[in-house]
2 protein chains.
Amino acid sequence: MFSKACKYAIKSLVYLASRADEDRKIGLTEIADAIDSPMHFTAKIMQVLSKQGIVSSAKGPNGGFFIDKTAPDIYLIQVVSAIDGLAHLSGCGLGLKGCSAEHPCPIHDEFSEVRDKLNQLLRGQTIQQLAAEMSDGKSYLKTVIMK
Amino acid sequence: MFSKACKYAIKSLVYLASRADEDRKIGLTEIADAIDSPMHFTAKIMQVLSKQGIVSSAKGPNGGFFIDKTAPDIYLIQVVSAIDGLAHLSGCGLGLKGCSAEHPCPIHDEFSEVRDKLNQLLRGQTIQQLAAEMSDGKSYLKTVIMK
DNA sequence: AGAAATAAGGACATTAATATCTTTATATAT
DNA sequence: ATATATAAAGATATTAATGTCCTTATTTCT
Ligand code: FES
Ligand code: FES
């Protein structure tokens, strides 16, 4: 449904948001560890989010990534849009050039419903909401593995 | 949502089913033309469907692909399962090792709904149903392009 | 029997996604 | 100032998806 890059992006942001009250910047090592992702690949993704203004960053000692508290909450759709683009969210499920009720593919009606529900999710939920639930121990960013 | 291979698979089968009453075998050239797909790539996909017993084939002149009329109708889930596998249809939206309400990721609740709706689509619709609507001119397998 | 048509199979090519590594720029702390 | 920590940037590697091409096996037709 989402690319790995996009999943890492969402999880990174939720982690950052869950630590927003600590007033510190969070480095790549910590992020990659917290969400169980390859660090250097995650770095690339954070670069994109940073360029898009979705996340803030600072170099140097005690540097790292953080979410601007004065900025409005981040909707999932913004993240998906930045990393995967929006094609998935309006395009035809069977790959026709366009998706429309006037020239529908065989699965158009039912597929539209699936897609709409996905859009609803992405446009309704914010990183901050998800982070709050996470902090409350209601959800998790990685699978616990016993070593 | 689906790989290109899977989209080609579904469209090929819908096309075949829509011609099932003609009692003839349909060659790769015709299929690729009908669904606007790369012929050789489509060939590979048909091979898989054939091995899985989802479609029948015959070599030689007047050979081609066809759907066994005595066999039960083909549900979309069978096709997706054969080409893309089932991971998408039960796995976690954010890539956690497992998806469960006991150890949910931040988007588990809403994502499950999307995934359920997708499963509902795939387990409820058959190639034959889709083909019938297609034959009735209610849906299309490719975008009409003026040349 | 021989020619032709077709799917099956295998080899290869291209592209995109994922991942790693190295260098550079910048800020901080000493 | 110097050393250090960190993100940014760039280069490269690996893998998976997509796509093309060539050869082989099988069937049909003449
Ligand atoms: S035309 Fe295919 S999903 Fe709308
Ligand atoms: S745990 Fe992520 S979707 Fe269920």
Side-chain angles (χ1 to χ4, degrees), chain A residues 1-13 15-16 23-68 80 82-85 87-88 94-95, chain B residues 1-13 15-16 23-68 80 82-85 87-88 94-95:
Chain A
M1 206 85 80
F2 310 121
S3 69
K4 285 193 176 190
C6 194
K7 293 172 189 172
Y8 296 150
I10 294 172
K11 288 189 279 192
S12 296
L13 290 171
Y15 181 69
L16 286 187
D23 258 325
R24 65 186 174 98
K25 291 155 197 152
I26 296 180
L28 272 170
T29 341
E30 183 177 339
I31 295 176
D33 186 65
I35 71 169
D36 211 11
S37 69
M39 181 171 70
H40 294 293
F41 189 40
T42 309
K44 295 297 180 196
I45 297 160
M46 295 309 287
Q47 272 177 42
V48 175
L49 296 179
S50 176
K51 274 194 198 164
Q52 302 263 338
I54 294 175
V55 81
S56 307
S57 71
K59 292 180 185 175
N62 300 316
F65 297 92
F66 59 100
I67 292 178
D68 181 358
V80 173
I83 305 293
D84 283 349
H88 261 348
L94 290 185
Chain B
M1 205 85 80
F2 309 122
S3 69
K4 286 193 176 189
C6 193
K7 293 173 188 172
Y8 297 149
I10 294 172
K11 288 191 279 193
S12 296
L13 289 171
Y15 181 70
L16 285 186
D23 260 325
R24 67 187 172 98
K25 292 159 197 149
I26 297 180
L28 272 172
T29 342
E30 183 176 340
I31 295 176
D33 186 65
I35 70 169
D36 210 11
S37 70
M39 181 170 71
H40 294 292
F41 189 39
T42 309
K44 295 297 179 195
I45 298 160
M46 295 309 287
Q47 271 178 44
V48 175
L49 296 178
S50 176
K51 273 194 197 165
Q52 302 265 336
I54 294 176
V55 81
S56 308
S57 72
K59 293 179 185 176
N62 301 316
F65 298 91
F66 59 100
I67 291 178
D68 181 358
V80 173
I83 306 293
D84 283 349
H88 262 348
L94 290 185

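Just so it is clear, the structure is predicted and the values come from calculations on it, not from any experiment. In the text below, chain A, chain B and the rest are named by the order of the sequence lines, each starting its count at 1.
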If you look only at distance, which donor and acceptor atoms sit under 3.5 Å apart when one is on a side chain in residues 4-12 of chain B and the other is two or more places apart or in another chain?
{"from": "B/K11", "atom 1": "NZ", "to": "A/L94", "atom 2": "O", "distance (Å)": "2.8"}
{"from": "B/S12", "atom 1": "OG", "to": "B/Y8", "atom 2": "O", "distance (Å)": "2.8"}

query: Can you name the side chain to side chain donor-acceptor pair (under 3.5 Å) partners of B/D68, sequence neighbours left out?
result: B/T70
- request: List for me each residue that meets side chain to side chain donor-acceptor pair (under 3.5 Å) alongside A/S57, sequence neighbours excluded, and say none if there are none.
  value: none
field: Minimum-distance pair of heavy atoms, taken over all atoms of A/M1 and B/M1
entry: SD-SD, 2.7 Å
query: Where do B/F66 and B/V55 come nearest, in terms of heavy atoms and distance?
result: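 Result for this residue pair: O-CG2, 3.4 Å.
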query: Between atom CD1 in A/I45 and atom C1' in D/dA7, what is the gap in whole Å?
result: 15 Å
statement: So CD1 of B/I67 and OG of B/S56: to nearest 0.5 Å the spacing works out to 8.5 Å
statement: The reported gap from CG in A/L13 to CZ in A/F65 (rounded to nearest 0.5 angstrom) is 10.5 Å
Stretch residues 47-56 of chain B: residues that reach within less than 4.0 Å of DNA chain C through a heavy atom: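 Heavy-atom cutoff 4.0 Å gives B/Q47, B/S50, B/K51.
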field: Side-chain N or O of A/S57 closer than 4.0 Å to phosphate OP1/OP2 of D/dT6
entry: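 No, A/S57 has no side-chain N/O under 4.0 Å of OP1/OP2 on D/dT6.
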Ignoring hydrogens and angles, write down the donor-acceptor pairs under 3.5 Å from the side chains of residues 26-33 of chain B, residues two or more places apart or on other chains.
{"from": "B/E30", "atom 1": "OE1", "to": "B/R24", "atom 2": "NH1", "distance (Å)": "3.1"}
{"from": "B/E30", "atom 1": "OE2", "to": "B/Y15", "atom 2": "OH", "distance (Å)": "2.6"}
{"from": "B/E30", "atom 1": "OE2", "to": "B/R24", "atom 2": "NH2", "distance (Å)": "2.9"}

message: Heavy atoms only, 4.0 Å cut-off, all strands: where does B/I31 land among base, sugar-phosphate and nothing?
response: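 The residue B/I31 makes no contact with any strand.
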- prompt: Base, sugar-phosphate alone, or nothing: which one does B/I83 contact when heavy atoms must sit under 4.0 Å apart?
  reply: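 Touches nothing.
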Name each donor-acceptor pair under 3.5 Å that joins a side chain in residues 46-53 of chain B to protein atoms two or more places apart or in another chain, with its distance.
none

- prompt: Would you say the side chain of A/D84 lies within less than 4.5 Å of the side chain of A/F2, judging by non-hydrogen atoms?
  reply: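 A side-chain contact under 4.5 Å exists here.
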message: Across nucleotides 18-30 of chain D, 5' to 3', mark each nucleotide with B, S or - according to how protein heavy atoms within less than 4.0 Å reach it.
response: SBBB---BBBBS-
query: Between which nucleotides of DNA chain C, 5' to 3', does chain B make heavy-atom contacts below 4.0 Å?
result: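 Reading along DNA chain C, I get C/dA4 to C/dA11.
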